[in-house]
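As the structure lists them, so they are numbered: ligands from 1, and atoms in each ligand from 1. All of these numbers come straight from a predicted model, not from anything done at the bench.
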Amino acid sequence: MDHGLIKRIDFVFHLEKAIENGEFEVYYQPIIHTISGSLCGFEALVRWHHPKLGFLTPMQFLPSLEETKQIYHLDIHIIEKVCQWYTTLKAANKPVVPVSVNLSRSDFESEDMFRVVESMTQKYGVPRNMLNIEITESAFSERESLMASNVEKFRSAGYQVWMDDFGSGYSSLNTLKDYVFDELKIDMGFLSDMSLKSKRIIRSIISMAKDISMVTVVEGVETQEQVDFLRNIGCDRMQGYYFSKPLPY
Ligand code: C2E
Ligand code: MG
Ligand code: MG
């Protein structure tokens, strides 16, 4: 068997043990309010301290967990860790900001994620407006009714649902038409070259998002030039290495 396949099988078979052993860590990346420059939230991003393979980033293990529909075990664990983090800070009278967690489409196929999130937030006393749900736009390319009912359930209960990676796939505009999201995260691919054309595209996306009452975040912000540009065009929030890489809290 090739080496990559062995690794992928290892990820899937050892997932539950790895969760029990505490091998996963949540890294937090700040989200910044453009006008004030203040911190307005964090995105929770998982990291794996694998006993044999060392430090792993999501792209190394998420695809195998998604393909085999095992990712929900990990996502439930991450939601619980974020809720515990909130409770610990609150108990210590430290300031808290909302945290967004990433959910994959297969989470919704395997579990009733709304029920899971509700039971976690109730168990740890986390207000619904402190936990946001990020779903990548490609998750909406299939199983539309399942995704629609979940987005609706979360939103009507008082959670914010954000569309992640807007512009990275092909289904974006249809998805925006058919669903209601609170926030639009624009894919960093657009920012990478800062050409006149990409600037015009971002400006138009931001103006369109405002027209349909969505808050805008651009992720992948790395330079002062990008910050100045986003501030000029009225982007609400920014996230990227310019402010901080994802880090342990
Ligand atoms: P995402 O949700 O779009 O998260 C943003 C990714 O961009 C993160 O990669 C982050 O580290 C990276 N990033 C942030 N700022 C910059 C920047 O200025 N420049 C560049 N080049 N990159 C930047 P990461 O942490 O490797 O995560 C990759 C993807 O894995 C995430 O993309 C998300 O889709 C997924 N993911 C991460 N954690 C989880 C999780 O707990 N559950 C699920 N289901 N998916 C997760
Ligand atoms: Mg995300
Ligand atoms: Mg993204």
Side-chain angles (χ1 to χ4, degrees), residues 11 15 18-19 23-32 41-49 55-83 85 98-111 113 116-117 120 131-140 147 150 160-169 172 175 181-194 202 205 215-227 229-230 235 237-249:
F11 291 154
L15 177 64
I19 291 175
E23 291 171 21
F24 292 100
E25 186 175 10
V26 180
Y27 272 36
Y28 293 84
Q29 188 177 32
I31 301 172
I32 304 297
F42 286 117
E43 176 170 14
L45 295 156
V46 65
R47 301 290 183 262
W48 190 345
H49 300 281
F55 182 80
L56 303 179
T57 57
M59 283 308 121
Q60 295 172 272
F61 57 86
L62 281 184
S64 327
L65 300 181
E66 281 177 342
E67 261 167 51
T68 52
K69 302 205 186 298
Q70 295 303 302
I71 181 77
Y72 72 101
H73 293 293
L74 177 58
D75 282 339
I76 292 171
H77 178 59
I78 297 300
I79 293 165
E80 178 149 36
K81 284 176 91 76
V82 169
C83 291
W85 167 87
V99 175
S100 60
V101 292
N102 291 281
L103 297 185
S104 300
R105 182 177 61 224
S106 97
D107 289 332
F108 297 102
E109 293 168 344
S110 315
E111 250 299 352
M113 291 310 287
V116 168
V117 169
M120 290 288 184
L131 190 76
N132 305 322
I133 308 297
E134 280 191 26
I135 308 173
T136 186
E137 70 158 27
S138 61
F140 296 91
M147 298 309 290
N150 272 288
Q160 284 197 9
V161 180
W162 298 7
M163 190 208 261
D164 200 359
D165 307 315
F166 178 77
S168 61
S172 337
T175 313
F181 297 96
D182 299 281
E183 211 155 313
L184 187 66
K185 261 201 173 184
I186 298 160
D187 188 55
M188 57 187 140
F190 280 128
L191 263 193
S192 52
D193 64 354
M194 283 294 275
I202 297 182
I205 293 173
V215 173
T216 50
V217 195
V218 171
E219 59 183 346
V221 179
E222 292 183 353
T223 65
Q224 181 69 55
E225 186 196 0
Q226 292 170 339
V227 171
F229 168 69
L230 292 171
C235 170
R237 295 167 187 196
M238 298 179 281
Q239 179 182 348
Y241 295 169
Y242 178 81
F243 303 101
S244 170
K245 291 196 168 182
L247 292 170
Y249 186 71

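In this structure a side-chain-to-backbone donor-acceptor pair under 3.5 Å is present from Gln226 to Glu222. For Gln60 (side chain) and Thr57 (main-chain N/O), a donor-acceptor pair under 3.5 Å exists by modelled atom type. Although no hydrogens or angles enter the test, the distance criterion places no donor-acceptor pair under 3.5 Å between the side chain of Thr136 and the main chain of Ala139.
Across Glu222, Lys81, Gln29, Glu134, heavy-atom proximity to atom 21 (N) of ligand 1 is greatest for Glu222. Ranked by closest heavy atom to atom 31 (C) of ligand 1, the top entry among Ile71, Leu45, Val26, Val101 is Leu45.
Taking each heavy atom of Ile71 and Ser106 in turn, the nearest pair found is CG2-OG, 3.0 Å. Annotation for Val26 and Ala44: closest pair CG1-CB, 3.6 Å, computed over non-hydrogen atoms. Minimum heavy-atom separation, Asp164 to Lys185: OD1-CD, 3.4 Å. Of all heavy-atom pairs spanning Asp75 and Asp107, the tightest one is OD2-OD2, 2.5 Å.
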Can Tyr242 and Gln224 be said to form a side chain to side chain donor-acceptor pair (under 3.5 Å), step by step? CA-CA 8 Å; Tyr242 178 81; Gln224 181 69 55; 2.4 Å; yes
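Close contacts between ligand 1 and Met59 involve ligand atoms 28 (C), 29 (C), 30 (O) [criterion: under 4.0 Å to a heavy atom]. Ligand-side atoms of ligand 1 in range of Val46: 38 (N), 39 (C), 40 (C), 41 (O), range being under 4.0 angstrom from any heavy atom. For ligand 1, the atoms closer than 4.0 angstrom to any heavy atom of Pro246 are 11 (O). Of all atoms in ligand 1, numbered sequentially from 1 with element shown, those under 4.0 Å from a heavy atom of Leu62 are 30 (O), 35 (C), 36 (N), 45 (N), 46 (C). Numbered from 1 in the order shown, with element, the atoms of ligand 1 that lie under 4.0 Å from a heavy atom of Asp164 read 1 (P), 2 (O), 3 (O). Listed by number with element, the atoms of ligand 1 under 4.0 angstrom from any heavy atom of Glu219 are 3 (O), 5 (C). Which parts of ligand 1 touch Ser104 is read off a 4.0 Å heavy-atom cut-off, strictly below it: atoms 44 (N).
Using 4.0 Å as the threshold, Lys185 has no heavy atom nearer than that to any atom of ligand 1. Heavy-atom distances between Asp75 and ligand 1 reach below 4.0 Å in at least one pair.
Rounded to the nearest 0.5 angstrom, Ser168 OG and Glu137 CD are separated by 4.0 Å.
The single protein non-hydrogen atom nearest to atom 3 (O) of ligand 1 is Asp165 OD1, 3.0 Å, given as residue, atom name and distance. Nearest protein heavy-atom contact of atom 7 (O) of ligand 1 is Met188 CE, 3.1 Å. At the shortest separation from atom 18 (O) of ligand 1 among protein heavy atoms lies Tyr241 N, 2.8 Å.
Polar contact with ligand 1: present for Asn102 (N/O pair, distance under 3.5 Å). Of the N or O atoms in Thr57, none lie within a sub-3.5 Å distance of an N or O in ligand 1. Every N/O-N/O distance between Ala44 and ligand 1 stays at or above 3.5 Å. Between Glu43 and ligand 1, an N or O atom pair is found at a separation short of 3.5 Å. Geometrically, ligand 1 and Asp107 share no nitrogen or oxygen pair separated by less than 3.5 Å.
Contacts with ligand 1 closer than 4.0 Å are made by side-chain heavy atoms of Arg47 only, the backbone lying farther away.
There is a protein heavy atom less than 4.0 angstrom from atom 27 (O) of ligand 1.
For the Mg ion (ligand 2), protein N, O or S atoms under 2.8 Å: 4 in total.
No donor-acceptor contact under 3.5 angstrom links the side chains of Asn132 and Glu43, judged on distance only.
Between Glu183 and Arg237, at least one side-chain N (NZ, or NE/NH1/NH2) sits under 4.0 Å from a carboxylate O, which counts as a salt bridge. Under 4.0 Å is where a charged nitrogen must lie from a carboxylate oxygen, and between Glu66 and Arg105 no such pair does.
In this structure Phe166 satisfies the ring-ring contact (aromatic ring centres under 6.0 Å, His included) test with no other residue, sequence neighbours excluded. Not counting sequence neighbours, the partners of Pro58 by the side chain to side chain contact (heavy atoms under 4.5 Å, CB included) test are Val46, Arg47, Leu62. Under the side chain to side chain contact (heavy atoms under 4.5 Å, CB included) criterion, Ala18 pairs with Glu23, Phe24, Trp48, sequence neighbours left out.
Within the 4.5 Å cutoff, side-chain heavy atoms of Phe42 are placed close to those of Tyr249.
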